[in-house]
Engineer: 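Here it is, the structure, as structure tokens.
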Amino acid sequence: MSHYRLRVLFSLLLPLAILAGLVASKQLTREWGTAVRLSISGYDPRDLLSGHYLIYRIDYGVPVCGSGPAATQSDVSRQVPAHICLVPRHFEYGTPVASRCSLAIPGHCQAGRFQAGLERFYIPQEYASPLEQAVRDKKAEILVSVTPTPGAAVVKDLLIGGRPWREVVTPDSQPSRSFWEF
Amino acid sequence: MAYLSSRLRDWVAAGLISAPQADSIATFEAARPLGNWLLFSFLALGSGVIGIGVISLIGANWHQIPDEAKLALDFLILAGLASGFWRQAEQLDALSRELLLSLFVLGCLASIGLIGQIYHANGRWDQATIFWATITLPMVSLSQRRFMPMLWTTAVLAALSFWFAVSPWIDIFWIHPERWQSTLFALPLLSAVAALALQRLPAAEAFTASFETWIWLGGLSIVSIADFSRVLNLHASQDIGVYLPGLGLGLMAMIGIASRPRWSIARKMLMGTLLVLYLAMIPICFIGRVHHWVSAVFVVAIFGAAAIHFGLTRHPRLSNLLILLLGGRFLMLFLMAFGGLALTGIGLILSGLLILGLIWLWMRVRQPLQTWLETLAS
């Protein structure tokens with residue numbers, strides 16, 4: 001095989017292999033991680049639905065980003081690394097350390113909020129409006145799969161009143177306005 | 001064709017080619033198809049539209065289809081495109097090769113979107129873009145056209161700018177609250193450093209050209225923004241710290257210009273002057289909050305020098321466009337300065353005479369100046 005052919009082969013296989021690896025890693029976290037339920041609420045009802053995903057605020061059951069490095073930041077775009085330790089449950093700045101916390105959700109503080117990359121749930125367009133309503137009206141939670149420290153977390157499902165959203169919400173006969181129609 | 005005929009007449013008159021040779025060249029060029037650039041432009045448009053269509057389809061989020069099936073179909077499509085490109089890889093001029101390459105690279109972006117949707121990933125768009133750009137760089141470098149390298153370069157610059165503005169990791173090296181202003185100032189300088197570094201790699205020619213496009217597009221846009229901010233008396237950060245990363249990149253670009261082996265002394269001086277003018281103008285305009293006359297002088301100098309550069313590098317249309325914009329700025333300056341039409345008219349006539357006088361002076365001193373500089377350099 002010529003040098004050029006080898007280069008082409010490498011160029012084609014590199015993205016395929018990395019994307020396959022990404023899927024495998026996410027799937028492993030989803031399948032093998034510890035399932036944790038966390039309550040959610042929309043932090044701005046007018047902006048709860050953005051395009052085809054729900055955005056929400058997660059209630060971790062402990063105060064987050066209250067004091068420390070993030071609280072003194074004047075720039076709202078700046079992010080300060082932090083994590084939520086689930087066992088024992090507490091909030092801490094910095095990346096999680098296994099000796100102090102066996103199960104943690106890593107993230108960062110920004111503009112006084114803790115962001116873990118779990119604040120978004122993708123939904124089909126025809127379910128957008130009823131799901132938005134259901135999240136507002138009923139007890140909503142996300143089911144998160146978390147791997148041991150230093151760990152990773154993946155959203156597995158959205159629960160409405162303790163049940164998977166697919167069982168609770170029926171599609172809207174008139175799909176909500178698309179992002180482009182705003 | 002009119003341009004070619006004109007050139008052929010010049011070459012015949014100069015004795016470079018004979019009249020029958022000129023006729024043969026004109027006949028040959030007239031018989032040639034228009035060239036595949038037009039076809040390729042439509043192919044680029046088509047592949048871009050398909051890419052956006054696929055991303056929209058993914059956005060529709062058909063939950064009736066199991067996640068595993070969506071992922072399997074996605075990888076099947078990518079593998080099909082890869083297989084098609086593999087078969088066409090050695091036909092360097094084939095448009096189908098370029099089309100498959102474009103679809104594969106855009107398909108990788110769509111796949112990242114699909115994976116993000118299935119696993120409800122919440123990463124920032126700049127992180128996804130840098131990830132996409134990293135994994136597709138070897139593939140994009142196989143492109144024989146400008147479309148994909150330009151798209152890739154634009155995406156990387158946009159993502160890096162955003163990342164620089166919001167990433168907490170930058171705090172380790174440099175803490176400053178107004179990073180957006182700093183980023184905009186540094187963007188053309190970063191492009192210049194990248195273009196100067198890549199010029200040493202002949203294989204990266206398309207990337208170099210893309211970065212060069214962003215030097216001019218970004219640089220001239222930011223100069224215009226700075227000028228208008230003075231005209232409108234808008235406020236921006238007066239802290240010199242905002243400009244430190246840009247000044248650092250400017251120093252690197254200056255070293256790159258000075259060490260270019262194939263550039264003439266005159267070209268190095270022109271590019272160096274442009275760089276110094278840019279590095280001086282933005283901080284002076286914002287920190288000094290100078291009168292808009294000062295920013296207008298900078299605009300005239302920068303646009304004038306850029307027009308000379310494009311003229312010398314045989315881009316007459318760009319050169320003419322810059323001169324036209326320069327004229328517009330002159331007009332605006334005089335209208336604002338004098339108010340009345342009579343005084344504006346006198347001011348413009350004097351400016352026109354000044355420009356013509358400078359051109360006459362330049363024509364007189366250009367050759368002796370160049371000879372003197374070359375003697376100095378040797």
Side-chain angles (χ1 to χ4, degrees), chain A residues 2 4-5 7-20 22-23 25-27 29-30 51-55 69-70 73-81 107-110 115-128 142 144-145 154-158 166 171 178-179, chain B residues 56 58-64 67-68 71 74-75 78-79 81-83 85-86 88-90 92 101 104-105 107-109 111-124 127 131-132 134-142 162 165-171 175-180:
Chain A
S2 69
Y4 176 71
R5 274 280 176 191
R7 188 180 154 199
V8 171
L9 189 65
F10 171 76
S11 305
L12 288 168
L13 288 182
L14 179 75
L16 289 175
I18 290 177
L19 289 173
L22 182 66
V23 169
S25 133
K26 293 277 183 193
Q27 192 62 32
T29 305
R30 187 191 260 189
H52 298 302
Y53 52 83
L54 288 167
I55 48 173
Q73 289 290 344
S74 58
D75 183 7
V76 292
S77 64
R78 199 71 57 81
Q79 303 167 349
V80 179
H108 58 259
C109 286
Q110 185 178 8
Q115 310 249 330
L118 306 171
E119 297 80 11
R120 200 182 277 192
F121 192 87
Y122 288 86
I123 49 169
Q125 188 178 5
E126 66 270 27
Y127 284 87
I142 49 165
V144 180
S145 183
V154 171
V155 177
K156 285 180 84 168
D157 209 350
L158 173 69
R166 284 182 179 81
S178 75
F179 177 79
Chain B
S56 292
I58 289 166
N61 195 350
W62 293 343
H63 73 292
Q64 292 93 344
D67 292 345
E68 293 77 8
L71 285 169
D74 177 67
F75 275 94
L78 277 185
L81 290 168
S83 160
F85 183 81
W86 175 255
Q88 297 266 312
E90 285 180 17
L92 297 180
L101 184 148
F104 180 80
V105 171
C108 288
L109 183 63
S111 302
I112 293 169
L114 179 68
I115 294 165
Q117 185 189 81
I118 286 174
Y119 295 101
H120 305 285
N122 197 11
R124 295 196 315 261
Q127 293 167 329
F131 176 62
W132 167 77
T134 308
I135 65 172
T136 58
L137 176 61
M139 196 65 194
V140 176
S141 68
L142 290 172
F162 188 82
V166 304
S167 175
W169 303 109
I170 303 293
D171 285 346
I175 298 174
H176 207 283
E178 282 148 328
R179 285 200 213 148
W180 268 114

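Note that the structure is predicted; figures quoted are calculated from it, not measured. Below, chains carry the letters A, B, ... as their sequence lines are ordered, and counting in each starts from 1.
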Engineer: Need one label for A:Ile142: side chain, backbone, both or neither, based on atoms under 4.5 Å from any heavy atom in chain B.
Structural biologist: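 Neither the backbone nor the side chain of A:Ile142 comes within 4.5 Å of chain B.
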
Engineer: With chain B, which of A:Gln115, A:Gln27, A:Lys156 has the greatest number of heavy-atom pairs at distances under 4.5 Å?
Structural biologist: A:Gln27

Engineer: Does B:His120 reach the main-chain N or O of A:Val154 with its side chain, forming a donor-acceptor pair under 3.5 Å?
Structural biologist: no

Engineer: Please round to the nearest 0.5 Å and tell me the distance separating atom OG of A:Ser145 and atom OH of B:Tyr119.
Structural biologist: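 Answer rounded to 0.5 Å: 11.5 Å.
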
Engineer: Quick one: what part of A:Leu16 sits under 4.5 Å from any heavy atom of chain B, side chain, backbone, both or neither?
Structural biologist: both

Engineer: Below 4.5 Å from any heavy atom of chain A, which atoms of B:Ile118 appear? Answer side chain, backbone, both or neither.
Structural biologist: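 B:Ile118 touches chain A through backbone and side-chain heavy atoms alike.
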
Engineer: Hey, does the side chain of A:Arg120 reach the backbone of B:Gln117 with a donor-acceptor pair shorter than 3.5 angstrom?
Structural biologist: no

Engineer: Side chains of B:Phe131 and A:Leu22: does their closest heavy-atom pair fall under 4.5 Å?
Structural biologist: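 Touching, per the 4.5 Å side-chain cut-off.
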
Engineer: With a 4.5 Å cut-off on side-chain heavy atoms, are B:Phe104 and A:Pro15 touching?
Structural biologist: yes

Engineer: As an exercise, state the distance from SG of B:Cys108 to CD1 of A:Ile18, rounded to the nearest 0.5 Å.
Structural biologist: 9.5 Å

Engineer: Determine, for A:Arg30 against B:Asp67, whether the closest basic-nitrogen to carboxylate-oxygen distance falls under 4.0 angstrom.
Structural biologist: yes

Engineer: Check whether any side-chain heavy atom of A:Leu19 sits under 4.5 Å from a side-chain heavy atom of B:Phe75, and report yes or no.
Structural biologist: yes

Engineer: Please find the pair of heavy atoms, one from B:Ala82 and one from A:Leu12, that lie closest to each other, and give the distance.
Structural biologist: O-CD1, 3.6 Å

Engineer: Does any heavy atom of chain A fall under 4.5 Å from the side chain of B:Ile115, the backbone, both, or neither of them?
Structural biologist: side chain

Engineer: Search all heavy atoms of A:Tyr4 against all heavy atoms of B:Leu142 and return the closest pair with its distance.
Structural biologist: CE1-CD2, 4.0 Å

Engineer: Heavy atoms only: give me the nearest A:Phe10-B:Pro138 pair and the separation to one decimal.
Structural biologist: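 The answer is CE2-CG, 3.9 Å.
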
Engineer: What part of A:Ala17 is in contact with chain B, defined as an atom under 4.5 angstrom from a non-hydrogen atom: side chain, backbone, both or neither?
Structural biologist: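 It is neither, since no heavy atom gets under 4.5 Å.
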
